[in-house]
Amino acid sequence: MEFLHGQDSLTTIEWSLRATITFFFMLFSAKIMGSRAISQLRLLDFIIALMLGNIIAHPLSDHTIGMKGSIISTIIIVVLYMLCVYLTLKWPRFRKLMDSDPFPLIKDGEILYKGLLKARISIEYLLAELRKEKVEDVKKVALALWEADGKMSIFLDPQYESISPSTYQIKTEPFDLPKTVITEGRINYQILKLLQKDEKWLHNNLRIQHQTNVPNVLLATIDAKNQLSVFLYK
């Protein structure tokens, strides 16, 4: 275990072991912290990401630096992170310190310049975010909020909202996610069993309905009505 400590030189195997241990140690640390630290970059998450990246990178790039200090530092940071997350959940004042309240950028079709200054974004950035949401006219926006994670929440004026079946009280079929029975020419027998179908049924449907065989199928799914959708290699 000498490769864990600082040395004048390391062999290829020792470098590999050091990198492997670091990799799995970071996976373990990220697992403990949860997906919040990965999926959202709020103030606390951003600081943690910078610190952990800096601490872990040095032992991998400099063989004279031992790993003991980095591991201890990472453990401390993970504990502090979990403590801060707990405080944000239990203490409203601390939560406001870490995650500021959302504030408006657009209200009733009018751009609030003070909001743009507070968010430190330009008109061009605001318009780009609206285009991402398929909104071409600022006047159509009833409210646009700048969230704590640096994203915009956009609410259209009701008269510009998309028409949906619920608008006319139209009854629709319940949502059902199609089950994948073939992937890249391989049959998923577990799904077939779950659907109470057998391999013979699948082969017959492929041959009769789609004039093909399993090896030619890139993807095949079955919906709630037992309809087989097939995508071939092209």
Side-chain angles (χ1 to χ4, degrees), residues 16 19-20 23-42 45 49 102 105-106 109 124-234:
S16 300
T20 301
F23 175 76
F24 283 106
F25 183 75
M26 288 304 300
L27 281 180
F28 177 74
S29 301
K31 184 69 175 178
I32 292 177
M33 289 188 291
S35 59
R36 181 178 183 273
I38 302 171
S39 61
Q40 299 179 8
L41 283 180
R42 295 174 182 265
D45 304 326
L105 301 177
I106 301 174
E124 288 76 13
Y125 182 89
L126 175 66
L127 296 177
E129 291 300 304
L130 291 178
R131 289 195 296 271
K132 291 178 182 178
E133 298 297 325
K134 306 296 187 297
V135 179
E136 80 286 356
D137 188 355
V138 176
K139 294 294 184 181
K140 294 182 179 181
V141 180
L143 182 65
L145 296 174
W146 185 257
E147 303 289 353
D149 60 355
K151 297 180 182 178
M152 282 177 56
S153 296
I154 301 171
F155 304 91
L156 294 179
D157 189 287
Q159 63 179 320
Y160 298 111
E161 289 284 358
S162 301
I163 297 175
S164 63
S166 62
T167 307
Y168 298 104
Q169 297 182 349
I170 300 174
K171 188 176 181 180
T172 59
E173 294 289 338
F175 173 77
D176 181 76
L177 186 66
K179 306 294 191 299
T180 300
V181 291
I182 300 177
T183 305
E184 297 179 351
R186 293 189 295 271
I187 299 174
N188 190 326
Y189 293 98
Q190 186 176 358
I191 295 297
L192 274 181
K193 184 178 180 180
L194 180 66
L195 297 172
Q196 296 181 344
K197 305 293 182 183
D198 56 20
E199 188 175 351
K200 183 179 179 181
W201 175 90
L202 182 60
H203 283 292
N204 288 338
N205 274 269
L206 287 175
R207 185 173 62 258
I208 297 172
Q209 296 183 17
H210 303 278
Q211 295 77 49
T212 189
N213 297 313
V214 172
N216 301 324
V217 177
L218 176 63
L219 174 68
T221 61
I222 300 178
D223 61 18
K225 297 181 179 180
N226 287 326
Q227 293 181 341
L228 186 65
S229 297
V230 175
F231 302 86
L232 302 177
Y233 282 99
K234 293 186 177 179

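Because the structure is a prediction, the values reported are computed rather than measured.
The distance from the CG atom of Asn205 to the NZ atom of Lys197 is 8.0 Å, given to the nearest 0.5 Å. Distance CD1/Ile182 to CD1/Ile191: 12.5 Å, rounded to 0.5 Å. For the atom pair CD (Gln211) and CG (Leu232), the distance works out to 10.0 Å, reported to the nearest 0.5 Å. The CG atom of Leu105 lies 10.0 Å from the OH atom of Tyr125; values are rounded to the nearest 0.5 Å.
Contact check for Leu195 versus Val181: side-chain heavy atoms found under the 4.5 Å cut-off. A 4.5 Å side-chain heavy-atom check between Ile187 and His203 finds at least one atom pair inside the cut-off. The closest side-chain heavy-atom distance from Leu143 to Ile106 is not below 4.5 Å. Residues Val230 and Leu206 have side chains in contact (heavy-atom distance under 4.5 Å, counting atoms from C-beta outward). Residues Leu192 and Leu202 are in side-chain contact: their nearest non-hydrogen atoms beyond the backbone lie under 4.5 Å apart.
The closest donor-acceptor contact from the side chain of Asn204 to the backbone of Lys200 lies under 3.5 Å. Between the Asp157 side chain and the Tyr160 main chain, no donor and acceptor come within less than 3.5 Å of each other.
Nearest heavy-atom pair, Ala220 versus Leu228, reported as atom, atom and distance to 0.1 Å: CB-CD1, 4.3 Å.
Applying the side chain to side chain donor-acceptor pair (under 3.5 Å) test to pairs two or more places apart or on separate chains, those with a residue in residues 170-195 are Tyr189-Glu199. Listed by first and then second residue, the side chain to side chain donor-acceptor pair (under 3.5 Å) pairs that reach into residues 218-234 come to none, sequence neighbours excluded.
Put simply, the residue from Glu133, Glu147, Glu129, Lys132 that forms a side chain to side chain contact (heavy atoms under 4.5 Å, CB included) with Met152 is Glu129.
Applying the 6.0 Å contact sphere to CD of Gln159 captures more than 12 heavy atoms from other residues, nucleotides or ligands.
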